[in-house]
Amino acid sequence: MAGFFKSLITKFSKPDFDWDELEGALISGDLGPKLAMQIVDELKGQGRKLSGEDIVNVAREHVRKIIPPALPPLLPFNDRPKVLLIVGVNGTGKTTSTAKLASLLVNKGKKVVLVAADTFRAAAVEQLEVWGHRLNIPVIKGPQNCDPSGVCFDGYARAEKDKADYLIVDTAGRLHNKHNLMEELKKISRTLGKKDPTSPHEVLLVVDATTGANALEQAKAFHKIIPLTGLIVTKLDGSGKGGILVPIYQELKVPARFIGVGEKAEDFKPFIPKEFIEELL
Ligand SMILES: Nc1nc2c(ncn2[C@@H]2O[C@H](COP(=O)(O)OP(=O)(O)O)[C@@H](O)[C@H]2O)c(=O)[nH]1
Ligand SMILES: [Mg+2]
């Protein structure tokens with residue numbers, strides 16, 4: 001993961017580097033063809049002998065201009081639970097991120113209730129329960145294959161009763177069955193809306209940094225189903241560089257919120273643009 005930009009410094013420090021190769025390298029960092037072209041165009045226009053450092057500085061500056069500065073934290077309300085819906089395709093890290101986010105909030109002294117709304121796979125519910133047990137956070141579930149919106153309803157009621165600060169909903173990710181997923185997410189949203197018309201307050205899409213450009217397609221597909229408010233970029237401890245969050249913001253204006261850097265509860269942090277640009281990318 002780390003050091004994509006740094007790797008460019010050595011790779012393109014020789015004066016006779018190839019522009020196409022540089023553009024290709026930028027695209028391979030998941031920054032997207034549009035931005036790669038803009039960066040190369042600007043570099044070409046500078047008309048002087050460029051060092052690897054110059055190249056990286058220009059690329060960093062472009063990324064800095066695109067993504068928004070650090071966002072305010074997801075503060076709780078004081079009269080009702082803040083509802084966070086976690087969505088994404090299977091395997092991206094939804095369940096793990098739901099648990100890690102809950103852990104982060106609990107460590108800040110907040111009260112959290114979790115909802116296992118991936119009711120289709122028994123293993124998914126169990127997985128969240130294991131986390132809940134470990135972190136001492138209640139997990140609301142229903143019988144297998146039950147309507148996930150009903151579980152969300154129950155989850156909200158529990159969060160209200162417990163005066164929880166946050167209700168975090170782990171959803172299913174069957175994107176291959178788009179119609180059902182769409183209906184399911186819409187119904188969850190409507191159901192939560194009956195409890196609090198302003199909820200869900202955040203819809204966070206989980207994307208796996210190692211899937212590269214495909215994550216943009218996933219973001220587009222989900223954004224059509226349910227308006228996304230943020231991204232959780234996982235597996236940044238692997239080969240993925242997370243560059244994909246740049247074209248996702250460029251195209252959809254959905255900002256990164258959190259990053260996952262491992263499988264443990266503590267391997268999760270708020271996304272900090274400066275850190276991402278200077279160290280991570
Ligand atoms: N290395 C690494 N693995 C992760 C991260 N987030 C999730 N995983 C792993 O990815 C796999 C799928 O995660 P899961 O939460 O079950 O995905 P879901 O299907 O979207 O709910 C599991 O083995 C997780 O431990 C991360 O940030 N880094
Ligand atoms: Mg899951």
Side-chain angles (χ1 to χ4, degrees), residues 70-89 92-119 124-125 127-129 131-132 135 137-141 148-149 151-173 181 184-207 218-219 222-223 225-234 245 248 252 254-260 265 268-271:
L71 297 165
L74 300 176
L75 295 177
F77 303 122
N78 45 31
D79 58 341
R80 64 200 201 279
K82 182 167 248 187
V83 180
L84 317 177
L85 205 58
I86 310 297
V87 302
V89 305
T92 50
K94 283 183 302 302
T95 304
T96 314
S97 298
T98 299
K100 288 168 166 182
L101 176 55
S103 171
L104 187 105
L105 295 167
V106 165
N107 285 339
K108 282 190 179 160
K110 306 298 175 203
K111 203 160 187 180
V112 179
V113 170
L114 296 174
V115 177
D118 186 352
T119 58
V125 177
Q127 189 190 352
L128 194 64
E129 282 189 300
W131 276 107
L135 302 167
I137 300 172
V139 175
I140 309 309
K141 63 168 182 176
S149 56
V151 192
C152 291
F153 198 82
D154 294 347
Y156 193 97
R158 172 65 181 266
E160 263 184 323
K161 184 171 148 269
D162 286 8
K163 295 199 178 356
D165 299 294
Y166 298 93
L167 180 72
I168 313 182
V169 181
D170 179 28
T171 65
L181 182 72
E184 189 172 300
L185 285 177
K186 281 185 181 159
K187 195 167 173 195
I188 286 177
S189 194
R190 270 201 315 272
T191 303
L192 290 165
K194 280 181 201 157
K195 288 287 199 178
D196 172 357
T198 63
S199 96
H201 304 101
E202 296 284 337
V203 181
L204 302 174
L205 176 77
V206 180
V207 294
Q218 292 166 15
F222 273 93
H223 203 48
I225 297 172
I226 185 163
L228 303 170
T229 61
L231 294 181
I232 298 176
V233 186
T234 61
L245 67 86
I248 292 180
L252 304 173
V254 175
R257 266 277 176 201
F258 298 97
I259 57 170
F268 192 80
K269 14 186 201 183
F271 173 76

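Keep in mind it's a predicted model, so treat the numbers as computed, not measured.
The side-chain heavy atoms of Val207 and Gln218, taken from C-beta on, include a pair separated by under 4.5 Å. Looking only at side-chain heavy atoms (C-beta outward), Val106 and Lys111 stay at 4.5 Å or farther from each other. Side-chain contact between Val206 and Thr234 is present, with heavy atoms from C-beta onward closer than 4.5 Å. Side-chain contact between Ile168 and Val112 is present, with heavy atoms from C-beta onward closer than 4.5 Å. Using a 4.5 Å cut-off on side-chain heavy atoms (C-beta onward), Phe222 and Leu181 make contact. Counting heavy atoms from C-beta outward, Ile232 and Phe268 have side chains that approach closer than 4.5 Å.
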*Can Thr119 and Val151 be said to form a side-chain contact (heavy atoms from CB on, under 4.5 Å), step by step?*
CA-CA 9 Å; Thr119 58; Val151 192; 4.0 Å; yes
*CA sep, side-chain torsions, deciding dist, call: Trp131, Val139, side-chain contact (heavy atoms from CB on, under 4.5 Å)*: CA-CA 9 Å; Trp131 276 107; Val139 175; over 6 Å; no
_side-chain contact (heavy atoms from CB on, under 4.5 Å) for Leu105 and Asp165? Distances and angles first, verdict last._
CA-CA 9 Å; Leu105 295 167; Asp165 299 294; over 6 Å; no
*Would you please test Thr98 and Leu128 for side-chain contact (heavy atoms from CB on, under 4.5 Å) and show each step?*
CA-CA 8 Å; Thr98 299; Leu128 194 64; 4.1 Å; yes
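Phe153 carries Lys195 over the face of its six-membered ring, with the cationic atom under 6.0 Å from the centre and within 45° of the normal.
In this structure, Tyr166 OH and Leu104 CG are separated by 9.5 Å, a value rounded to the nearest 0.5 Å. Taking CG of Leu85 as the reference point, atom CD1 of Ile226 lies at 5.0 Å (rounded to 0.5 Å). In this structure, CZ in Arg257 is found 13.5 Å from CG in Leu245, a value given to the nearest 0.5 Å. We find the CD1-CG distance between Ile140 and Leu114 to be 8.5 Å, quoted to the nearest 0.5 Å. Going from atom CZ of Phe258 over to atom NZ of Lys269 covers 13.0 Å, rounded to the nearest 0.5 Å.
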Cut-off 3.5 Å, no hydrogens considered: what does the side-chain donor-acceptor table look like for residues 196-205, sequence neighbours left out?
unit_1: Asp196; atom_1: OD1; unit_2: Thr198; atom_2: N; d: 2.9
unit_1: Asp196; atom_1: OD1; unit_2: Thr198; atom_2: OG1; d: 2.7
unit_1: Asp196; atom_1: OD2; unit_2: Arg80; atom_2: NE; d: 2.7
unit_1: Asp196; atom_1: OD2; unit_2: Thr198; atom_2: OG1; d: 3.3
unit_1: Asp196; atom_1: OD2; unit_2: His201; atom_2: NE2; d: 3.1
unit_1: Thr198; atom_1: OG1; unit_2: Arg80; atom_2: NH2; d: 3.0
unit_1: Thr198; atom_1: OG1; unit_2: His201; atom_2: NE2; d: 2.9
unit_1: Ser199; atom_1: OG; unit_2: Leu192; atom_2: O; d: 3.2
unit_1: Ser199; atom_1: OG; unit_2: Asp196; atom_2: O; d: 3.3
unit_1: His201; atom_1: ND1; unit_2: Val83; atom_2: N; d: 2.9
unit_1: Glu202; atom_1: OE1; unit_2: Thr229; atom_2: OG1; d: 2.6

Output side-chain donor-acceptor pairs under 3.5 Å for residues 71-79, partner residues at least two apart or in another chain, one line each.
none

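In this structure, Ser97 contributes its side chain and Gly93 its backbone to a donor-acceptor pair below 3.5 Å. Remark: the backbone N or O of Lys187 is not paired with any side-chain donor or acceptor of Ser149 at under 3.5 angstrom. One N or O on the side chain of Lys94 and one on the backbone of Gly88 form a donor-acceptor pair closer than 3.5 Å. Put simply, the side chain of Thr171 never gets that close to the backbone of Asp118: no donor and acceptor are under 3.5 Å apart.
Closest approach of Tyr156 to Pro81, counting heavy atoms only: OH-CD, 3.5 Å. Closest heavy-atom contact between Ile137 and Ala102: CD1-CB, 3.6 Å. When all heavy atoms of Val113 and Gly155 are compared, the pair lying nearest together is CG1-O, 4.1 Å.
For Glu184, the salt bridge (Lys or Arg N to Asp or Glu O under 4.0 Å) partners two or more places apart in sequence, or in a different chain, are Arg174.
Partner of Val169 under the side-chain contact (heavy atoms from CB on, under 4.5 Å) criterion, chosen from Cys152, Ser189, Pro148: Cys152.
Salt-bridge formation is detected for the pair Arg158/Asp162: a Lys NZ or Arg NE/NH1/NH2 atom is positioned less than 4.0 Å from an Asp or Glu carboxylate oxygen.
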